[in-house]
Amino acid sequence: MQLVSLLVLAPSLPFAAAETVLGAFIFHRHGDRTTKSYNPVTLTPLGAEQVFTSGSWYRDNYISADAPSKINGVSSDLAVLSQLSITSTIDNVLQNSAQVFLQGLYPPAGSLAIQKLANGSSINTPFNGYQYIPVNAVTSPTSGKGAEETNGWLQAGSGCTKAIASSNSYFQSAEYLATLDSTKDFYQSLLPVYNATFPSPNATFKNAYTIYDFVHVSTVHNTTSAIPSHDLLTPSTLHQLQTLADTHEYNLAYNASSPIRAIAGSVLAAQIISALNTTLSAPASKKSAQKLTTQFGAYGTFMAFFGLANAPAASKDFYGVVDYASSMVFELVTNASLPTSGAVNPADVSVRFLFANGSASAANVPQAYPLFGRTETTLKWDVFVQEMEKFAIGTTAVWCDACGNTDGICSPASLGIATADDNESGSSDGGVSRPVAGVIGAVVAIAVILAVQGLVMLVGGLRLAKKETVALARKASHDGVSVSTEGRV
Ligand SMILES: *[C@@H]1O[C@H](CO)[C@@H](O)[C@H](O)[C@H]1NC(C)=O
Ligand SMILES: *[C@@H]1O[C@H](CO)[C@@H](O)[C@H](O)[C@H]1NC(C)=O
Ligand SMILES: *[C@@H]1O[C@H](CO)[C@@H](O)[C@H](O)[C@H]1NC(C)=O
Ligand SMILES: *[C@@H]1O[C@H](CO)[C@@H](O)[C@H](O)[C@H]1NC(C)=O
Ligand SMILES: *[C@@H]1O[C@H](CO)[C@@H](O)[C@H](O)[C@H]1NC(C)=O
Ligand SMILES: *[C@@H]1O[C@H](CO)[C@@H](O)[C@H](O)[C@H]1NC(C)=O
Ligand SMILES: *[C@@H]1O[C@H](CO)[C@@H](O)[C@H](O)[C@H]1NC(C)=O
Ligand SMILES: *[C@@H]1O[C@H](CO)[C@@H](O)[C@H](O)[C@H]1NC(C)=O
Ligand SMILES: *[C@@H]1O[C@H](CO)[C@@H](O)[C@H](O)[C@H]1NC(C)=O
């Protein structure tokens with residue numbers, strides 16, 4: 001009997017025996033939120049529950065003392081900050097999601113967090129040993145994506161001139177125009193549901209995502225009696241709204257003949273390689289080494305990455321907008337025994353990609369998929385890097401060049417390239433290899449968002465400082481309109 005159940009269990013535990021997880025990179029979407037149609041957009045209690053569920057599952061899988069895929073050397077109960085790198089784009093919904101996720105990953109430690117003071121008395125942190133893990137802002141030229149949840153326009157925050165132009169060109173494509181035309185009656189037929197928010201001229205495929213978002217959020221949060229003509233929202237109508245939104249957003253995020261459109265996925269790819277490589281390069285026995293990197297970001301970034309990595313070759317489902325609280329994971333794994341000193345030999349290390357649509361949980365375990373049009377789900381580290389480097393963009397100089405941006409962080413002075421008419425300000429670091437980082441990028445991106453929205457003119461006395469704080473960028477993404485600080489670009 002015992003043996004039979006073991007045999008039955010075995011196939012579901014294929015990697016349990018010899019494999020060691022050295023580290024992981026998780027990219028995560030926020031949980032349920034209010035509609036983008038009305039500001040402010042906020043994470044709902046349901047959304048908090050969704051990301052908490054996911055955080056708890058990742059704890060059970062990677063962190064707990066008895067976790068089946070426990071990450072080598074990771075602390076089980078008391079978070080060791082150097083082992084973790086948690087980032088989010090600048091956005092209330094995403095940053096709040098990251099915080100709630102961490103509550104699941106490292107819940108209050110109870111008596112384990114108690115400290116004894118010099119005078120002998122004991123003290124614990126509030127909320128029974130609550131743990132404080134910082135969520136840092138992603139600081140890259142694309143971090144203006146902070147406006148993701150307050151903006152219907154997917155590419156608004158990329159700040160990348162050529163990517164914005166590329167996405168915009170979708171609206172001239174024959175494919176778009178044909179769908180716009182063929183769905184005209186469909187969107188108009190639903191006016192009784194949403195005409196107070198989307199008047200007739202706006203009720204078209206052009207607004208496929210924001211219309212879907214408004215209706216979808218309403219079906220989650222409004223009783224049917226609070227939705228006018230709710231009987232029009234049949235399952236098949238809702239499905240059609242969703243798949244049209246999927247088509248709209250996928251095409252804005254990725255186009256095979258215009259890879260710059262997927263700039264968000266290119267930047268993410270470089271961040272994944274860099275984070276995993278940080279883990280890989282550290283001695284396997286080093287307790288303080290970075291082991292788990294988690295980034296919260298937009299569904300558009302998932303789509304851009306899926307397109308670049310050819311995930312749809314594994315499943316057509318990757319064409320769709322991922323559900324709330326979805327996550328993708330890149331596990332760094334080895335079957336070699338770990339050296340007592342020094343790093344694991346990269347030749348012995350592989351990477352596995354997994355994806356959970358919606359909250360990861362025991363009922364929705366992340367599944368491994370092959371990427372890059374291959375068949376293997378576990379790829380040798382050097383092969384993985386080679387594939388990712390075909391589209392990864394990891395330095396400011398390369399980003400500026402690819403985007404065709406020439407001012408702000410992309411000005412010759414900022415890049416440290418001396419030019420004949422810029423002799424004084426040419427800097428000394430020769431900086432073509434500066435990493436994609438810097439809060440100035442966020443500010444530049446916000447300026448671009450404002451420009452895209454045609455709002456710059458409305459903002460009296462817009463001032464952008466050359467060196468800015470993330471706090472400013474965060475504020476700017478809150479209200480979308482008013483940016484005011486001292487200094488000028
Ligand atoms: C011990 O020190 C802490 C911090 O200074 C103080 O709050 C507490 O009252 C002290 N306890 C005793 C028993 O003196
Ligand atoms: C993809 O890009 C190509 C070349 O720029 C363009 O011809 C085509 O219309 C684009 N397709 C979509 C759906 O944007
Ligand atoms: C929306 O449609 C309903 C029913 O067709 C109509 O009674 C109402 O006046 C319309 N409201 C607006 C703001 O157009
Ligand atoms: C309708 O669309 C126009 C043009 O995009 C926009 O300016 C306007 O704000 C929209 N109206 C509503 C009520 O969403
Ligand atoms: C759902 O409720 C919200 C808030 O009460 C309202 O603004 C929205 O219009 C409702 N949705 C629909 C489709 O009626
Ligand atoms: C990983 O890091 C090492 C040491 O810093 C470096 O030599 C190597 O080029 C990096 N590999 C990749 C793929 O970035
Ligand atoms: C995730 O689920 C949504 C349905 O809510 C679907 O449209 C999408 O294709 C799914 N994505 C993947 C990768 O399974
Ligand atoms: C480790 O070995 C197992 C069993 O042979 C295999 O399924 C898994 O892919 C291997 N992992 C790596 C990283 O090679
Ligand atoms: C910058 O100026 C110095 C002296 O003023 C001159 O020697 C040098 O060639 C100039 N460099 C460039 C790039 O023009």
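Counting starts at 1 for both ligands and their atoms, following the listed order.
In summary, the aromatic rings of Tyr369 and Phe318 are positioned with their centroids under 6.0 Å apart. For Phe27 and Phe330, the ring centers sit 6.0 Å or farther from each other. Note: Phe355 and Phe353 fail the aromatic proximity criterion, with ring centroids not under 6.0 Å apart.
Closest to atom 5 (O) of ligand 1 among all protein heavy atoms lies Asn119 ND2, 4.8 Å. Nearest non-hydrogen protein atom to atom 1 (C) of ligand 2 is Asn255 ND2, 1.5 Å. Nearest protein heavy-atom neighbour of atom 4 (C) of ligand 1: Leu117 CD1, 3.9 Å.
No hydrogens or angles considered: a donor-acceptor pair under 3.5 Å links the side chains of Ser200 and Gln188. One side chain, Tyr38 or Thr197, offers a donor N or O that lies under 3.5 Å from an acceptor on the other. One side chain, Ser414 or Ser411, offers a donor N or O that lies under 3.5 Å from an acceptor on the other. Residues Tyr170 and Glu175 bring no donor and acceptor atom of their side chains to less than 3.5 Å of each other.
The number of heavy-atom neighbours closer than 6.0 Å to OH of Tyr132, taken from other residues, nucleotides and ligands shown, is above 12.
Taking a 4.0 Å cut-off on heavy atoms, Asn207 fails to register as neighbouring ligand 4. At least one heavy atom of Arg261 sits less than 4.0 Å from an atom of ligand 2.
At a 4.0 Å heavy-atom cut-off, ligand 4 touches Pro199 through the side chain alone.
When only interatomic distances are considered, the shortest N/O to N/O separation between Asn251 and ligand 2 does not fall below 3.5 Å. Polar contact check, Tyr170 against ligand 2: no nitrogen or oxygen pair lies under 3.5 Å apart.
Atoms of ligand 2 lying under 4.0 Å from at least one heavy atom of Glu175, given by number and element, are 13 (C). Counting the atoms of ligand 4 from 1 in the order shown, those under 4.0 Å from a heavy atom of Asn202 are 1 (C), 2 (O), 3 (C), 8 (C), 10 (C), 11 (N), 12 (C), 14 (O).
Contact annotation for atom 14 (O) of ligand 1: protein present (non-hydrogen atoms, distance under 4.0 Å). In this structure, atom 11 (N) of ligand 2 has a protein heavy-atom contact shorter than 4.0 Å. The nearest protein heavy atom to atom 7 (O) of ligand 4 is not closer than 4.0 Å.
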### Message
For Phe296 and His28: C-alpha separation, side-chain torsions, deciding distance, then whether ring-ring contact (aromatic ring centres under 6.0 Å, His included) applies.
### Response
CA-CA 5 Å; Phe296 276 73; His28 214 292; 4.7 Å; yes
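Considering only non-hydrogen atoms, atom 3 (C) of ligand 2 lies nearest to Ser257 out of Ser257, Ser258, Ser173.
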